Amino acid sequence: MPELPEVETVRRGIAPVLEGAVFRNVKVNRPDLRWPFPERMKERLEGAKVLAVRRRSKYILVELDSHETLLIHLGMSGRILVSGDPMGRFVHDHPTAEKHDHVVVDMSNGARLTYNDPRRFGAMDLIATDGLAEHPLISVLGPEPLGNEFNANDFYSRTSLRNSPIKAVLLDQGVVSGLGNIYVCEALFRSGIDPRRKANRISKQRIETLTIHIRDVLSDAIEAGGSSLKDYRQADGELGYFQHNFDVYGREGELCKNAACGAKITRVVQSGRSSFYCPKCQR
DNA sequence: ATAGGCACCTGGTGGC
DNA sequence: TGCCACCAGGTGCCTA
């Protein structure tokens, strides 16, 4: 579900509520998500104060004063809802518990965070903060697409070695981290590149264009509060609205948004996932 | 080393 | 109304 813009939107929603607050009560309603929860997660969280809420790729990283960091991944269907915030920025009353509320935490400032994830492809781990970079889920990640480490030179040196469709290469979190199915489709449309084109058959100039469009589409989406498909919401319950700005994703059979084009958006399946593109504008 | 396919899980939708 | 097939924002792991 959530790609980088949605995760960043969630981070921005929960950071002001969590930072400076202490975990008072942690309720863990099942033993696992995608993997078992870390040993004694409840006990290790309770009493710890939040120093900062960061993001790396699609991971939310909650840094604690206990020298540990809580790592959270939302998988396909994970959500974090905030309620009961004393500052009045969020819903005052705690909502009644819902199905798939797997972890519920009450903070010292009265805020409650509820992690809900029907499909349970999400994950949590609790790791030593000074060992974060070596964590197996983190160490394999490529550069942050919005950071300085992501540039056309390095990006081209990776794409030029890959004999797979560019679609698959962009979904590879080791090449560039944070993109998912939606924003790959959107970035390729903006760049005029066919998702089926082999990565090593794309010129350096076009990779430079793609680098810029990856940045832009992610920035645009963050600005819009992410994309709300199904019932995805921001932490305060608001809907993001970038889904209204999709050029191709989910638009099979509809007209290409380039004014003079007139072609219809096509859907193909690549490695089991839908790719949407304009057969006329993307080559 | 790289590429491709499957598995994990639940819920919503549309067709018959 | 029921049943079934298919689809969904991710990614680790297995196989060639």
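All values derive from a computational prediction rather than experimental measurement. Scope of the values below: all heavy atoms of this structure, side chains included, with no hydrogens, waters or symmetry mates.
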*Between C:dT11 (P) and A:Arg56 (CZ): distance, integer Å*: 12 Å
*Proximal nucleotide (of B:dG4, B:dC9, C:dG9) relative to the A:Arg120 side chain*: B:dC9
*Send over the distance from A:Arg79 CZ to C:dG10 C1', rounded to a whole Å.*
17 Å
*Give a yes/no answer on whether the side chain of A:Ser274 brings an N or O atom under 4.0 Å of OP1 or OP2 in C:dA8.*
yes
*Choosing from B:dC9, B:dA3, B:dG11, which nucleotide comes nearest the side chain of A:Arg162?*
B:dA3
*Between C:dG10 and A:Arg273, is there an OP1 or OP2 to side-chain N/O distance shorter than 4.0 Å?*
yes
*More than 12 heavy atoms from other groups under 6.0 Å of NZ on A:Lys264*: no
*What class does the angle between the rings of A:Phe242 and A:Tyr183 fall in, given that below 30° is parallel, 30 to 60° is tilted and above 60° is perpendicular?*
tilted
_Need one value for A:Gly272: base, sugar-phosphate or nothing, where a base atom within 4.0 Å counts as base even if backbone is also close, heavy atoms only._
nothing
*Say you pick atom P in C:dC6 and the same atom in B:dC6; how far apart are they, in whole Å?*
14 Å
*Does the side-chain ring of A:Phe121 sit on the six-membered ring of the B:dC8 base, less than 5.5 Å centre to centre and under 30° in tilt?*
yes
*Could you check how far NZ of A:Lys58 sits from C1' of C:dT11, rounded to whole Å?*
8 Å
*With the side chain counted from C-beta on, respond yes when A:Arg162 and A:Asp172 share a heavy-atom pair under 4.5 Å apart, and no when they do not.*
yes
*Are any of A:Gln173's side-chain N or O atoms less than 4.0 Å away from OP1 or OP2 of C:dG10?*
no
*Find the partner of B:dG14: check Watson-Crick (N1-N3 plus N6-O4 or O6-N4) and G-U wobble (N1-O2, O6-N3) distances, both under 3.5 Å, and reply none if neither fits.*
C:dC4
*When the distance from CZ of A:Arg34 to C1' of C:dC13 is rounded to whole Å, what number comes out?*
9 Å
*asked:* Side chain of A:Ser164 only, heavy atoms from C-beta on: which candidate in C:dG12, B:dA3, C:dA8 is closest?
replied: B:dA3
*OP1 or OP2 of C:dT11 sitting under 4.0 Å from any side-chain N/O of A:His73?*
yes
_Nearest-nucleotide pick for A:Tyr249, side chain only, options being C:dG9, B:dC9, B:dG4_ = C:dG9
*Under a 3.5 Å cut-off for both distances, is C:dG9 Watson-Crick or wobble paired, and to whom?*
none
*Choosing from C:dG10, C:dC7, B:dG11, which nucleotide comes nearest the side chain of A:His100?*
B:dG11
*Nearest to the side chain of A:Lys99, which nucleotide is it out of B:dA3, B:dG11, C:dG10?*
B:dG11
_If you take the centroid of each ring, where Trp contributes its six-membered ring, are A:Phe189 and A:Tyr277 closer together than 6.0 Å?_
no
*Once you round it to whole Å, what is the distance between P of B:dG4 and CG of A:Leu171?*
13 Å
*Does NZ in A:Lys257 sit with more than 12 non-hydrogen atoms of other residues, nucleotides or ligands closer than 6.0 Å?*
yes
*Could you give the CZ-to-C1' distance, from A:Phe276 to C:dC7, as a whole number of Å?*
10 Å
*Using a cut-off of 4.0 Å on non-hydrogen atoms, how would the nucleic acid contact of A:Tyr59 be classed: base, sugar-phosphate, or nothing?*
sugar-phosphate
*asked:* Rounding to an integer number of Å, can you tell me how far A:Gln243 CD sits from C:dG9 C1'?
replied: 12 Å
*Of the candidate nucleotides C:dG9, C:dT11, C:dA8, which contains the atom at the shortest distance from the side chain of A:Arg267?*
C:dA8
*Identify which nucleotide among C:dG10, C:dG12, B:dG11 has an atom closest to any side-chain atom of A:Pro118, counting heavy atoms from C-beta outward.*
B:dG11
*Quickly work out the A:Leu137 CG to C:dC13 C1' distance and round it to whole Å.*
13 Å
*Determine whether the side chains of A:Asp125 and A:His135 contain a donor N or O and an acceptor N or O closer than 3.5 Å.*
yes
